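On a predicted model such as this, the values are computed, not experimentally measured, just so you know.
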Amino acid sequence: MAPFNYPVSGLVTPRFGGIATFMRLPHVPLEEAKDIDIGIVGIPWDGGTTNRPGPRHAPRQMRDMSAMVRPMHQTMQFVPYDLANIADLGDCPVNPADVNDALARVESYFKKLVAKGIRPISAGGDHLCSLPVLRALGEKQPVGMIHF
């Protein structure tokens with residue numbers, strides 16, 4: 001079995017350089033993903049809110065801000081990359097002009113993710129984005145969600 005994905009070291013590419021991915025992990029499109037345990041997915045959409053636009057920018061900003069995350073938690077001495085194969089799967093397709101179509105696209109994307117056995121961590125989007133994600137993940141079994 002190949003070793004799990006690890007973030008790019010700051011000694012290889014400076015943390016402010018390169019294409020931004022979550023925690024500097026490799027970007028693996030969902031169509032090409034295999035043997036991925038945890039997939040980080042951006043949902044750049046906030047069409048379910050009024051007077052509070054902005055969550056659509058969260059995936060891009062979180063990728064940029066996570067460049068400083070180190071492979072090991074300094075206090076706990078814990079390296080998650082030793083326990084699971086993790087990758088940035090990019091952004092889920094959305095439609096900023098049609099709420100129903102956007103929700104259908106998110107649900108469809110997450111169903112593909114479930115079919116590959118990938119556990120998701122999603123970032124961005126307004127609170128309505130949770131609905132299609134939970135529909136896809138909970139279609140065949142109960143699920144839990146941690147929502148920040």
* Should M145 and S130 count as side-chain neighbours, where that means a heavy-atom distance under 4.5 Å? -> yes
* Please report the shortest heavy-atom distance between R24 and A67, naming the atom on each side. => CD-O, 3.4 Å
* Asked: Do you reckon V114 sits in the same ILVMFWY cluster as L134, going by side-chain contacts under 4.5 Å, direct or chained?
  -> yes
* Step through the shown structure and confirm whether more than 12 heavy atoms of other residues, nucleotides or ligands are within 6.0 Å of CZ on R60. => no
* Structure fact -> Rounded to the nearest 0.5 Å, the CD1 atom of I43 sits from the SG atom of C129 at a distance of 5.0 Å
* **From CZ (R15) to CG (L11), nearest 0.5 Å** => 8.0 Å
* If you round to the nearest 0.5 Å, how far is NE2 of H27 from CG of D91? -> 8.0 Å
* Structure fact -> CD of Q61 to OG of S66, rounded to nearest 0.5 Å, is 11.0 Å
* Structure fact -> Correct closest heavy-atom pair for P59 and G124 would be CD-CA, 3.8 Å
* pair Y109-V41: side-chain heavy atoms closer than 4.5 Å -> yes
* Side chain to side chain, N5 and I36, heavy atoms closer than 4.5 Å -> yes
* According to a 4.5 Å side-chain heavy-atom criterion applied to Ile, Leu, Val, Met, Phe, Trp and Tyr, with indirect links allowed, do L83 and I40 form part of one hydrophobic cluster? -> no
* Asked: With distance as the sole test, does N95 use its side chain to make a donor-acceptor pair with the main-chain N or O of D101 at under 3.5 Å?
  -> no
* Asked: Distance from L25 atom CG to Y81 atom OH, nearest 0.5 Å?
  -> 5.0 Å
* Can a salt bridge be assigned to the pair D88 and R63 using a cut-off of 4.0 Å between side-chain N and carboxylate O? -> yes
* Asked: Does atom CE of M76 have more than 12 heavy-atom neighbours from other groups under 6.0 Å away?
  -> no
* Any side-chain heavy atom of I118 sitting closer than 4.5 Å to one from I38? -> no
* To do: Output yes when E139 and R135 qualify as a salt bridge under the 4.0 Å nitrogen-oxygen rule, no when they do not.
  => no
* Quick one: does F110's side chain get under 4.5 Å of P120's, heavy atoms only? -> yes
* Spell out, as yes or no, whether a donor-acceptor pair under 3.5 Å connects the side chain of D126 to the backbone of T49. => yes
* Does the side chain of L103 come within less than 4.5 Å of V106's, by heavy atoms? -> no
* **Donor on one side chain, acceptor on other, N85 and D35, under 3.5 Å** => no
* I121 reachable from V143 in the ILVMFWY side-chain graph, under 4.5 Å edges -> no
* **Atom CZ of R119 with >12 non-hydrogen neighbours under 6.0 angstrom** => no
* Interatomic distance, K116 atom NZ to E32 atom CD [nearest 0.5 angstrom] -> 9.0 Å
* Does the side chain of I86 come within less than 4.5 Å of D37's, by heavy atoms? -> no
* Asked: Do any N or O atoms from the side chain of R105 and from the backbone of V94 form a donor-acceptor pair under 3.5 angstrom?
  -> yes
* More than 12 heavy atoms of other groups within 6.0 Å of M72 CE -> yes
* Asked: Which pair of heavy atoms, one from P44 and one from C92, lies closest together, and at what distance?
  -> CD-O, 3.8 Å
* To do: Decide whether M23 and M65 are clustered together by the hydrophobic rule: side chain heavy atoms of Ile, Leu, Val, Met, Phe, Trp, Tyr closer than 4.5 Å, transitively.
  => no
* **Within 6.0 angstrom of H57 NE2, more than 12 heavy atoms from elsewhere** => yes
* Asked: Do the side chains of V133 and W45 join up, straight or via other hydrophobic residues, at under 4.5 Å, putting them in one cluster?
  -> yes
